[in-house]
Amino acid sequence: MSNLLEGKTALILGVANKWSLAWAIAQAFRREGASLILTYQGERLKKTVEELAAELGASRVLECDVTRDEDLARLSELGRLDAVVHSIAFANREDLDRPFVETSRAGFALALEVSAYSLVAVARAAAPLMSEGGAMITLTYLGSSRVLTNYNVMGVAKASLEAAVRYLASELGPRKIRVNAISAGPVKTASARGIKDFSKILGAVAERAPFRRNTDPAEVADAAVFLASDLGRGVTGDVMFVDAGFHIMGL
Ligand code: NAP
């Protein structure tokens with residue numbers, strides 16, 4: 001522990017279980033001395049997230065389904081925050097399973113609402129709580145700018161999310177609030193399992209990435225520590241790749 005986040009309070013959205021990238025980030029933030037507030041999406045996950053939160057001595061656990069305005073409103077009552085981690089995405093399984101051209105209007109709207117608009121809504125609730133400035137961090141993927149088989153509407157949502165990062169960074173910069181995304185390499189999580197043939201993507205990365213292996217969630221978490229800490233004070237509006245270098249590769 002080097003106490004990079006000592007004295008800071010972080011709100012982390014998106015812990016579903018021990019495989020979640022948000023869980024790796026919560027562990028690293030705790031290691032660095034942050035106090036934590038975790039959210040869960042619905043009753044189904046309440047017990048699991050409460051147990052995980054207790055493991056890290058989180059100061060608070062609350063429900064937040066980002067499609068519900070009353071849940072988002074509850075975030076604005078949390079008290080002072082220094083960091084927010086937005087680690088949330090959703091698309092209907094059928095939209096990750098059939099040709100992109102078949103994406104329905106409702107499926108497109110839902111994927112963009114949960115995976116991209118939610119960052120804007122969370123930022124609106126959290127920014128007034130960052131009275132001393134702070135850092136907002138979201139999780140994105142290479143599918144925002146390259147075509148990855150079956151990533152489909154989620155790629156469009158991630159492109160929108162990355163654009164939202166830039167607009168938020170521009171507006172919140174004068175209030176000393178930095179907004180960045182981490183583009184993580186593929187990691188086997190519950191969400192990733194929803195993508196058809198995900199194991200083929202893992203295999204391709206292990207074969208071709210400069211590191212010849214996949215991404216360790218702890219690497220993503222340490223990048224989040226950097227962005228949330230004063231070490232990241234010069235960085236905003238950026239997409240930082242933590243993907244074993246895969247994004248630089250051509251043939
Ligand atoms: P995960 O553990 O399944 O996390 C996704 C989280 O989003 C879950 O906690 C999920 O809750 C939550 N969520 C979905 N709909 C929500 C809603 N309406 N309100 C609030 N929360 C909601 O999977 P993960 O891979 O760690 O994903 C975290 C982030 O990393 C996502 O943005 C994902 O796109 C991104 N990412 C993942 C990878 C990868 O390969 N795993 C790579 C790059 C980026 P429920 O479980 O209750 O639905």
Side-chain angles (χ1 to χ4, degrees), residues 13-17 19-22 39-45 64-69 71-72 85-123 137-168 181-209 214-215 217 220 239-244 246-251:
L13 303 103
V15 174
N17 52 51
W19 291 272
S20 297
L21 292 178
T39 66
Y40 57 89
Q41 191 202 158
E43 280 302 310
R44 184 176 54 87
L45 283 183
C64 184
D65 179 332
V66 293
T67 62
R68 289 170 28 172
D69 285 336
D71 288 11
L72 290 162
V85 176
H86 170 278
S87 187
I88 286 173
F90 182 78
N92 286 326
R93 189 174 271 260
E94 67 259 29
D95 287 326
L96 305 173
D97 220 3
R98 61 184 176 190
F100 174 64
V101 73
E102 303 294 339
T103 308
S104 67
R105 186 190 300 269
F108 190 99
L110 178 65
L112 267 88
E113 179 186 5
V114 175
S115 316
Y117 175 71
S118 64
L119 178 68
V120 183
V122 168
I137 298 156
T138 187
L139 275 296
T140 187
Y141 183 52
L142 184 63
S144 63
S145 49
R146 309 277 172 86
V147 173
L148 287 140
T149 310
N150 300 324
Y151 202 60
N152 296 2
V153 70
M154 192 51 80
V156 179
K158 291 303 192 191
S160 168
L161 179 72
E162 291 174 19
V165 163
R166 291 185 283 273
Y167 280 91
L168 289 169
I182 296 174
S183 188
V187 173
K188 228 184 248 177
T189 62
S191 293
R193 285 203 187 92
I195 298 158
K196 195 175 152 203
D197 294 334
F198 182 72
S199 56
K200 284 190 188 157
I201 297 180
L202 287 174
V205 170
E207 199 176 297
R208 293 183 214 155
N214 276 285
T215 298
V220 176
V239 177
M240 176 187 282
F241 284 87
V242 181
D243 70 343
F246 183 76
H247 70 285
I248 66 167
M249 299 304 290
L251 265 185

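Here, residue 1 is the first one in the sequence, and each next residue gets the next number. These figures come from a predicted structure and were not determined experimentally.
Of all non-hydrogen atoms in Asn214 and Ala206, the two that sit nearest each other are ND2-CB, 3.6 Å. Residue Thr215 comes nearest to Ala244 through the heavy atom pair OG1-N, 3.8 Å, listed as atom of the first residue, atom of the second, then distance. Residues Gly14 and Ile88 come closest through the heavy atom pair CA-CG1, 4.0 Å.
Once rounded to the nearest 0.5 Å, the distance linking CZ of Phe90 with CG of Leu112 reads 13.5 Å. Considering CZ of Arg146 and CG of Leu148, their distance stands at 8.5 Å, rounded to 0.5 Å. To the nearest 0.5 angstrom, His247 atom NE2 is 5.0 Å from Phe241 atom CZ. Rounding to the nearest 0.5 Å places CG of Leu13 at 9.5 Å from OG1 of Thr138.
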Do Asp71 and Val66 pass the side-chain contact (heavy atoms from CB on, under 4.5 Å) test, and can you show the C-alpha distance, the side-chain angles, and the key distance before you say yes or no? CA-CA 7 Å; Asp71 288 11; Val66 293; over 6 Å; no
Go through the steps for Ser118 and His86 under the test side-chain hydrogen bond (donor to acceptor under 3.5 Å, both in side chains), then give the verdict. CA-CA 9 Å; Ser118 64; His86 170 278; 2.7 Å; yes
Can Ser115 and Leu161 be said to form a side-chain contact (heavy atoms from CB on, under 4.5 Å), step by step? CA-CA 7 Å; Ser115 316; Leu161 179 72; over 6 Å; no
Report the C-alpha separation of Leu142 and Phe246 in whole Å, then their side-chain angles, then the decisive distance to 0.1 Å, and conclude whether the side-chain contact (heavy atoms from CB on, under 4.5 Å) test is met. CA-CA 9 Å; Leu142 184 63; Phe246 183 76; 3.7 Å; yes
Could you walk me through whether Val239 and Ser183 pass the side-chain contact (heavy atoms from CB on, under 4.5 Å) test, one step at a time? CA-CA 6 Å; Val239 177; Ser183 188; 3.7 Å; yes
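Without hydrogens or angle criteria, Asp95 side chain to Phe100 main chain gives no donor-acceptor distance under 3.5 Å.
Judged as a side chain to side chain donor-acceptor pair (under 3.5 Å), and not counting sequence neighbours, Thr39 has no contacts. Residues satisfying the side chain to side chain donor-acceptor pair (under 3.5 Å) criterion with Asp65, sequence neighbours excluded, are Thr67. Checked against side chain to side chain donor-acceptor pair (under 3.5 Å), Arg93 has no partners two or more places apart in sequence or in another chain. Applying the side chain to side chain donor-acceptor pair (under 3.5 Å) test to Thr140 and every residue at least two apart in sequence or in another chain returns Glu162.
For the pair Val156/Phe108, a side-chain contact is recorded, criterion being any heavy-atom separation below 4.5 Å from C-beta on.
Within 6.0 Å of CZ on Arg68 lie more than 12 heavy atoms contributed by other residues, nucleotides or ligands.
The list of salt bridge (charged side-chain N to carboxylate O under 4.0 Å, His left out) pairs with a residue in residues 100-118, not counting sequence neighbours, is empty.
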Return all side-chain donor-acceptor pairs below 3.5 angstrom for residues 192-199, not counting sequence neighbours, or 'none' if the list is empty.
none

